**Student:** 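Here's a structure for you.
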Amino acid sequence: MNLQEIKKRILDFRDKRDWSQFHDPKNLSAAIAIEAAELQEIFLWCKVAESREIAVEKKENIAEEVADILMFVLLFAHETGIDIEQAILDKIEKNNKKYPVEKARGVSKKYNDF
């Protein structure tokens, strides 16, 4: 199943429940942030090594949070007319310029700190 087919299924689910009335950019952006916070909560206060163990132990719950985030992102993109595939390709290209391999490899600095 490709991204467009997944988006169609999400829209079908939403429309059958008449939820599009709640899916404006403000509320969808809040929903994305809230679901991302729920994902963060799973790992709150743990160390890096522990986070890897938790990722295995709670994989099903984590997968649900990731799915929620992505579904809201796809709905947000739909409502705002963003071609998500093109936006990702454009961002990869932009990041390639901001983070050239010779400066960024193995470095966690932001591009303006090189």
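Keep in mind it's a predicted model, so treat the numbers as computed, not measured.
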**Student:** Less than 4.5 Å apart, side chain to side chain, heavy atoms only: is that true for D90 and E93?
**Tutor:**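 D90 does not reach E93 side chain to side chain.
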
**Student:** Give, for atom CD1 of I42 and atom CD1 of I62, the distance between the pair rounded to the nearest 0.5 Å.
**Tutor:**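 Going from the CD1 atom of I42 to the CD1 atom of I62 covers 5.0 Å.
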
**Student:** Can you run down the side-chain hydrogen bond (donor to acceptor under 3.5 Å, both in side chains) pairs that involve residues 47-68, sequence neighbours left out, and say none if there aren't any?
**Tutor:**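 Of all non-adjacent pairs touching residues 47-68, none passes side-chain hydrogen bond (donor to acceptor under 3.5 Å, both in side chains).
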
**Student:** Under the side-chain contact (heavy atoms from CB on, under 4.5 Å) rule, what do E35 and E38 come out as? Steps first, then yes or no, please.
**Tutor:** CA-CA 5 Å; E35 294 299 337; E38 289 178 8; 3.0 Å; yes

**Student:** Side-chain heavy atoms under 4.5 angstrom apart, residues restricted to Ile, Leu, Val, Met, Phe, Trp, Tyr: same cluster for I82 and I6?
**Tutor:**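 Same hydrophobic cluster.
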
**Student:** Is M1 linked to M71 within one hydrophobic cluster, defined over Ile, Leu, Val, Met, Phe, Trp and Tyr using a side-chain heavy-atom separation of less than 4.5 Å?
**Tutor:**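 Yes, because M1 and M71 connect within a single hydrophobic cluster, where side-chain heavy atoms sit under 4.5 Å apart.
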
**Student:** Nearest 0.5 Å, please: how far is CG in L75 from CD in E79?
**Tutor:**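 If I round to the nearest 0.5 Å, the distance is 7.0 Å.
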
**Student:** Considering only distance and modelled atom types, tabulate donor-acceptor pairs under 3.5 Å from the side chains of residues 96-107, sequence neighbours left out.
**Tutor:**
from	atom 1	to	atom 2	distance (Å)
N96	ND2	I92	O	3.4
Y99	OH	Y111	N	3.4

**Student:** For a side-chain contact (heavy atoms from CB on, under 4.5 Å) check, start with the C-alpha distance between D24 and L28, then their side-chain angles and the critical distance, and finish with the verdict.
**Tutor:** CA-CA 6 Å; D24 57 82; L28 287 168; over 6 Å; no

**Student:** Can you tell me if CD on Q21 sees more than 12 non-hydrogen neighbours from other groups inside 6.0 Å?
**Tutor:**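 Enclosed: over 12 neighbouring heavy atoms sit under 6.0 Å from CD of Q21.
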
**Student:** Could you check whether D12 pairs with K16 (Lys NZ or Arg NE/NH1/NH2 to Asp/Glu carboxylate O, under 4.0 Å)?
**Tutor:**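 Yes, charged N to carboxylate O under 4.0 Å.
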
**Student:** Determine, for F13 and R9, whether the Lys NZ or Arg CZ falls below 6.0 Å from the six-membered ring centre while staying within 45 degrees of the axis.
**Tutor:**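 Cation-pi check for R9 and F13: fails.
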
**Student:** I'd like to check V66 versus L70 (side-chain heavy atoms, cut-off strictly below 4.5 Å). Are they in contact?
**Tutor:**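 Yes; the side chains approach each other to less than 4.5 Å.
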
